[in-house]
Protein chains: 2
Amino acid sequence: MSHDGATLTARAFKDAVYEQFARITKALASPVRLELVDVLAQGERTVDALAREVGQSLANTSQHLRSLKEARLVEARRDGTFVHYRLADPQVIEVWRAVRALGERQLAEIERTVAAYLGDAGGFESVTADDLQRRLADGEVVLLDVRPDAEYRAGHLPGARSIPVGELAERLAELPPDATVVAYCRGPYCVMSYDALAILRDHGRRGVRLAEGLPDWRAAGRPVQGGHGLG
Amino acid sequence: MSHDGATLTARAFKDAVYEQFARITKALASPVRLELVDVLAQGERTVDALAREVGQSLANTSQHLRSLKEARLVEARRDGTFVHYRLADPQVIEVWRAVRALGERQLAEIERTVAAYLGDAGGFESVTADDLQRRLADGEVVLLDVRPDAEYRAGHLPGARSIPVGELAERLAELPPDATVVAYCRGPYCVMSYDALAILRDHGRRGVRLAEGLPDWRAAGRPVQGGHGLG
DNA sequence: CATATGCTCAATAGATTACTTGATCAAGGC
DNA sequence: GCCTTGATCAAGTAATCTATTGAGCATATG
């Protein structure tokens with residue numbers, strides 16, 4: 001019960017427990033590893049693809065993945081000479097989303113950083129997932145996935161068309177000229193949909209942005225079309 | 001759009017955004033600071049109280065609180081010679097809960113650590129919040145808050161009686177002799193309810209444990225009686 | 001078997017973090 | 001004003017973390 005021995009045991013118990021949880025938070029305590037988690041929330045990737053995506057060297061990316069793997073946040077699968085990494089548990093996305101939600105509430109710097117980037121492109125209208133479903137039901141809008149084709153194929157919003165942002169300028173003809181386009185990409189801090197809206201605007205089209213990305217849509221329990229999830 | 005200049009800007013934007021979020025994860029990347037957050041989830045505390053609770057020196061605790069404060073996870077309030085710290089946002093609890101949920105799913109070590117501690121005390125039955133509400137409605141059980149009195153006063157489960165675990169042995173007479181006691185404390189890794197159950201068992205009483213603590217109860221949107229929340 | 005590709009590992013230097021100690025500061029009581 | 005209490009600050013050491021470099025390993029191909 002509560003003699004000295006038990007008190008010491010209780011302290012050792014707490015130390016051990018918090019040490020275990022700190023393994024997770026330590027693994028996430030790096031901007032590079034947070035970005036890796038954010039990208040992996042879209043689906044599995046090779047080390048090389050991840051390195052290019054986050055703008056780090058191959059060796060450095062491999063080592064960051066190693067520390068994520070040691071904390072069991074990601075898993076690896078070998079396929080020939082390629083090693084594909086994926087999130088080990090959907091709950092990893094929940095942790096990242098909780099951190100993001102906190103940051104959005106607490107850190108005004110993020111708002112300013114976003115505003116500084118958007119300063120180039122101008123403020124674009126964004127809609128919520130509920131808005132989108134209402135407007136889709138009314139047939140008012142065209143839903144556009146501007147992520148790379150592979151990500152679209154790995155899963156996308158029901159009824160979305162795929163035109164990667166890099167091909168949008170050439171493939172504008174595929175979109176009905178007078179429809180409002182709702183563009184989405186990976187998440188609230190993914191710039192692809194902003195870039196897409198700038199292209200649409202430069203060609204006289206009307207476009208708005210879905211505030212969240214595919215992982216957020218999925219996390220809200222909404223249906224996803226195609227693809228095989230993320231393990 | 002996507003000429004080289006914009007690409008560089010996009011990279012700088014991402015770097016800045018992930019850097020901001022990493023401020024949060026870095027602040028949580030320490031077992032001591034995780035424990036501080038866990039304790040502060042119960043309500044505000046002085047530096048001295050926190051230092052004793054987490055078993056660290058005053059200076060070290062103060063410095064850990066400083067880094068939590070810089071990341072805006074906690075706020076401080078001076079009252080005479082005392083400084084009271086509290087969580088800056090309820091969303092901080094959500095992050096901690098998400099980390100805990102991930103750890104419970106991923107890290108078998110935690111199970112083993114818990115089992116090792118409970119090995120002393122024997123496996124005790126635990127009930128969920130839903131179980132509890134059903135059994136309370138049936139009048140089968142007595143709900144007992146075994147946390148320190150100050151925490152009980154800062155907020156407790158509706159209908160709970162307060163007997164801090166340190167006083168339980170002397171105050172057993174206050175409990176109806178043949179009722180089943182449901183004991184709860186701060187959370188799933190708080191040892192007070194385990195200690196309380198051991199005392200009850202040693203005196204021939206029947207007791208079970210509520211699996212979660214007050215912050216979890218509150219986070220689930222269930223009503224809390226008394227107290228003023230946690231800012 | 002030799003070679004190329006995709007990735008991991010080991011060694012290193014520079015930066016950051018953790019805890020201790022002793023000094024300092026702020027507020028209240030005498 | 002002086003002393004006490006509660007907390008912060010500054011300095012120092014040990015430990016840990018980050019990114020780079022170059023070597024090494026596994027798998028596939030000619």
Please report, rounded to the nearest Å, how far the [atom2] atom of [N] is from the [atom1] atom of [X].
X: A:R33; N: D:dC17; atom1: CZ; atom2: C1'; result: 8 Å
X: B:K69; N: D:dA7; atom1: NZ; atom2: C1'; result: 11 Å
X: B:L58; N: C:dA18; atom1: CG; atom2: P; result: 18 Å
X: B:L50; N: D:dT8; atom1: CG; atom2: P; result: 10 Å
X: B:Q56; N: C:dT21; atom1: CD; atom2: P; result: 13 Å
X: A:K26; N: D:dC17; atom1: NZ; atom2: C1'; result: 11 Å
X: A:D15; N: C:dC19; atom1: CG; atom2: P; result: 11 Å
X: B:N60; N: D:dG12; atom1: CG; atom2: P; result: 19 Å

Scan nucleotides 25-30 of chain D against the protein and return all N/O pairs shorter than 3.5 Å with their distances rounded to 0.1 Å.
none

At under 4.0 Å, does any side-chain N or O of [X] touch on OP1 or OP2 of [N]?
X: A:H84; N: C:dG6; value: no
X: A:S62; N: C:dC7; value: no
X: A:H64; N: D:dA19; value: yes

Which is more 5' along DNA chain C, the nucleotide nearest B:S67 or the one nearest A:F82? Just name the residue.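 Whichever sits nearer the 5' end wins; that is A:F82.
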Compute the centroid of each ring, for A:W96 and then for B:F21, and state whether the two points are separated by less than 6.0 Å.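 Yes; B:F21 has its ring centre under 6.0 Å from that of A:W96.
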Between D:dT18, C:dC9, C:dT20, which one does the side chain of B:S57 approach most closely?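 Nearest to the side chain of B:S57 among the choices is C:dT20.
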Name the closest nucleotide to the B:Y85 side chain, picking from D:dA7, D:dT8, C:dC7.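 Of the options given, the side chain of B:Y85 lies nearest D:dT8.
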Shortest non-hydrogen contact between A:H64 and A:L36, atoms and distance: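 Heavy atoms only, the tightest pair is CB-CD1, 3.8 Å.
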Give a yes or no on whether a salt bridge exists between B:R186 and B:E151, defined as a side-chain N under 4.0 angstrom from a carboxylate O.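 Answer for the salt bridge query: yes.
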Only one of B:I24, B:L40, B:L87 passes side-chain contact (heavy atoms from CB on, under 4.5 Å) with B:L73; say which it is.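 Single pass found, and it is B:I24.
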Pair of N/O donor and acceptor under 3.5 Å linking D:dA7 base with B:Q63 side chain: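 Absent.
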For a 4.5 angstrom cut-off between non-hydrogen side-chain atoms, does B:V224 reach B:L157?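 SC-SC contact between B:V224 and B:L157 ruled out.
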Quick one: label B:D48 by what it contacts on the DNA or RNA (base, sugar-phosphate, nothing), any heavy atom closer than 4.0 Å.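 Sugar-phosphate contact only.
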What's B:T46 touching, base or sugar-phosphate or nothing? Going by heavy atoms closer than 4.0 Å.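 Here B:T46 touches the backbone only, sparing every base.
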Under a 3.5 Å threshold, yes or no: a donor from one side chain and an acceptor from the other, between A:Y189 and A:E104?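 A:Y189 vs A:E104: donor-acceptor pair found between side chains.
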For the CZ atom on B:R222, are there more than 12 heavy atoms of other groups (residues, nucleotides or ligands in this structure) within a distance under 6.0 Å?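 More than 12 heavy atoms, drawn from other residues, nucleotides or ligands, come within 6.0 Å of this atom.
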